[in-house]
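Sequence positions, counted from 1, serve as the residue numbers for this chain. Every number for a ligand or one of its atoms is a count from 1 in the order of the listing. Since we're looking at a predicted model, the values are computed, not measured.
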Amino acid sequence: MAFYDSQLDVLYSSAQLQARIAELGAAITADYAGQELVAVGVLKGSVVFFSDLIRQIDLPLATDFLGLSSYGSGTETSGVVRITSDLSRPIEGKHVLVVEDIVDTGLTMQFLIENLSTRKPASVKVCTLLEKPSRARVQVPIHYKGFVIPDAFVVGYGLDFDEKLRNVPFVGVMRR
Ligand code: IMP
Ligand code: MG
């Protein structure tokens with residue numbers, strides 16, 4: 001018995017996640033052939049996905065991270081986003097791949113794409129593990145997505161509830 005067994009139902013198992021991430025990595029490898037890219041992980045939710053994804057990309061790449069927080073409370077973003085920890089290097093002239101855990105309302109990603117674009121990168125694309133289109137408030141371009149999910153609050157594989165459950169090895173839904 002793991003500590004989370006009585007709390008969670010499995011939505012995507014570790015094996016399902018790895019199989020899909022291998023496909024995403026292959027698509028990214030093909031699309032960026034002959035180019036170098038900078039993979040930018042959005043802290044903290046994307047770190048588990050990020051670490052698996054970059055090992056499926058067969059290209060020279062650099063990594064960087066960016067911390068964001070949105071004002072507001074509970075499980076809902078307010079849309080007022082702020083950078084709490086910035087990239088360590090300039091991205092001017094670079095091909096940037098933003099790696100996110102989940103696009104929910106889209107407000108966080110909209111802010112991030114706009115912000116990064118002002119730094120004159122060669123390109124900016126988005127790779128998210130999960131998308132919840134039923135809650136979208138703005139349309140943001142998502143070039144690579146792992147799974148489209150229904151409107152449920154998911155945890156595990158990097159995603160948290162109140163900073164916990166990020167270490168669960170699968171994507172799960174909390175039992176009521
Ligand atoms: P958005 O700005 O509404 O798209 O929110 C994006 C952020 O909210 C994600 O990067 C997550 O950190 C968080 N989030 C949204 N939905 C969930 C969820 O179901 N579980 C855990 N975190 C979530
Ligand atoms: Mg996040």
Side-chain angles (χ1 to χ4, degrees), residues 2-14 16-18 20-21 24 28 38-54 63-88 91 96-118 124-176:
F3 78 94
Y4 44 76
D5 280 346
S6 61
Q7 283 173 267
L8 300 180
D9 290 314
V10 178
L11 185 60
Y12 298 110
S13 69
S14 181
Q16 286 174 301
L17 292 167
Q18 294 309 320
R20 184 70 187 118
I21 291 166
L24 292 173
I28 292 165
V38 183
V40 171
V42 182
L43 298 173
K44 298 176 239 180
S46 80
V47 296
V48 179
F49 173 46
F50 186 92
S51 69
D52 284 337
L53 179 69
I54 60 171
T63 60
D64 211 338
F65 295 93
L66 197 141
L68 296 174
S69 97
S70 84
Y71 295 103
S73 59
T75 56
E76 184 95 15
T77 182
S78 65
V80 183
V81 186
R82 164 175 74 98
I83 293 177
T84 55
S85 171
D86 206 349
L87 297 175
S88 64
I91 52 168
V96 174
L97 180 66
V98 176
V99 180
E100 178 60 301
D101 52 358
I102 183 166
V103 175
D104 185 23
T105 63
L107 293 166
T108 302
M109 195 49 71
Q110 181 182 54
F111 166 87
L112 187 53
I113 292 167
E114 274 176 27
N115 182 285
L116 295 178
S117 299
T118 65
V124 181
K125 285 190 180 181
V126 174
C127 178
T128 187
L129 179 65
L130 304 173
E131 184 196 18
K132 249 190 251 182
S134 56
R135 288 174 39 91
R137 286 171 57 187
V138 289
Q139 292 303 319
V140 289
I142 302 174
H143 305 87
Y144 307 99
K145 66 181 94 168
F147 299 97
V148 175
I149 65 167
D151 183 10
F153 192 78
V154 293
V155 295
Y157 199 68
L159 293 113
D160 73 306
F161 174 66
D162 199 17
E163 286 300 327
K164 293 193 259 300
L165 298 168
R166 293 192 197 275
N167 58 326
V168 172
F170 55 84
V171 174
V173 181
M174 290 172 91
R175 236 171 253 166
R176 293 179 181 267

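Scanning for side chain to side chain donor-acceptor pair (under 3.5 Å) contacts around Ser13 gives Gln16, with sequence neighbours left out.
Within the 4.5 Å cutoff, the side chain of Leu159 has no heavy atoms near those of the Leu165 side chain. Leu116 is listed as a side-chain neighbour of Val98, based on a closest heavy-atom distance under 4.5 Å. The closest side-chain heavy-atom distance from Pro141 to Ile113 is below 4.5 Å. When side chains are defined from C-beta on, Val103 does not count as touching Leu130, because their heavy atoms never get closer than 4.5 Å.
Heavy atoms of Asp101 found under 4.0 angstrom from ligand 1 belong exclusively to the side chain. With a 4.0 Å heavy-atom cut-off, ligand 1 is reached by no atom of Arg135.
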Query raised in the report: Does the side chain to side chain contact (heavy atoms under 4.5 Å, CB included) test come out yes or no for Asp86 and Leu66, once each step is laid out?
Result: CA-CA 5 Å; Asp86 206 349; Leu66 197 141; 4.1 Å; yes
**Report entry** CA sep, side-chain torsions, deciding dist, call: Phe111, Leu68, side chain to side chain contact (heavy atoms under 4.5 Å, CB included)
**Finding:** CA-CA 10 Å; Phe111 166 87; Leu68 296 174; 3.9 Å; yes
Identify each donor-acceptor pair in which a side-chain atom of residues 143-158 lies under 3.5 Å from a protein atom, sequence neighbours left out, and give them as a table.
unit_1 : atom_1 : unit_2 : atom_2 : d
His143 : ND1    : Val126 : N      : 3.0
Tyr144 : OH     : Asp31  : OD2    : 2.6
Lys145 : NZ     : Glu131 : OE1    : 2.7
Tyr157 : OH     : Asp52  : OD2    : 2.5

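Residue contacts with ligand 1 include Gly106, since one of its heavy atoms falls under 4.0 Å from the ligand.
Set against the non-hydrogen atoms of Thr108, the atoms of ligand 1 under 4.0 Å away are 1 (P), 2 (O), 5 (O), 6 (C). The Ala152 neighbourhood of ligand 1 comprises atoms 19 (O), with distances under 4.0 Å to a heavy atom of that residue. Each of the following atoms of ligand 1 lies closer than 4.0 Å to a heavy atom of Thr105: 1 (P), 2 (O), 3 (O), 4 (O). For ligand 1, the atoms lying closer than 4.0 Å to a non-hydrogen atom of Asp160 are 21 (C). Proximity to Glu100 (heavy-atom distance under 4.0 Å) selects the following atoms of ligand 1: 10 (O). Here is the list of ligand 1 atoms found below 4.0 Å of a heavy atom in Leu159: 20 (N), 21 (C), 22 (N). Atoms of ligand 1 found under 4.0 Å from any heavy atom of Lys132, numbered from 1 in the order shown, are 16 (N), 17 (C), 18 (C), 19 (O).
The shortest N or O to N or O distance between Phe153 and ligand 1 is not below 3.5 Å.
Looking at Asp151, Ile149, Asp104, Ile102 and measuring to atom 13 (C) of ligand 1, the nearest heavy atom belongs to Ile102.
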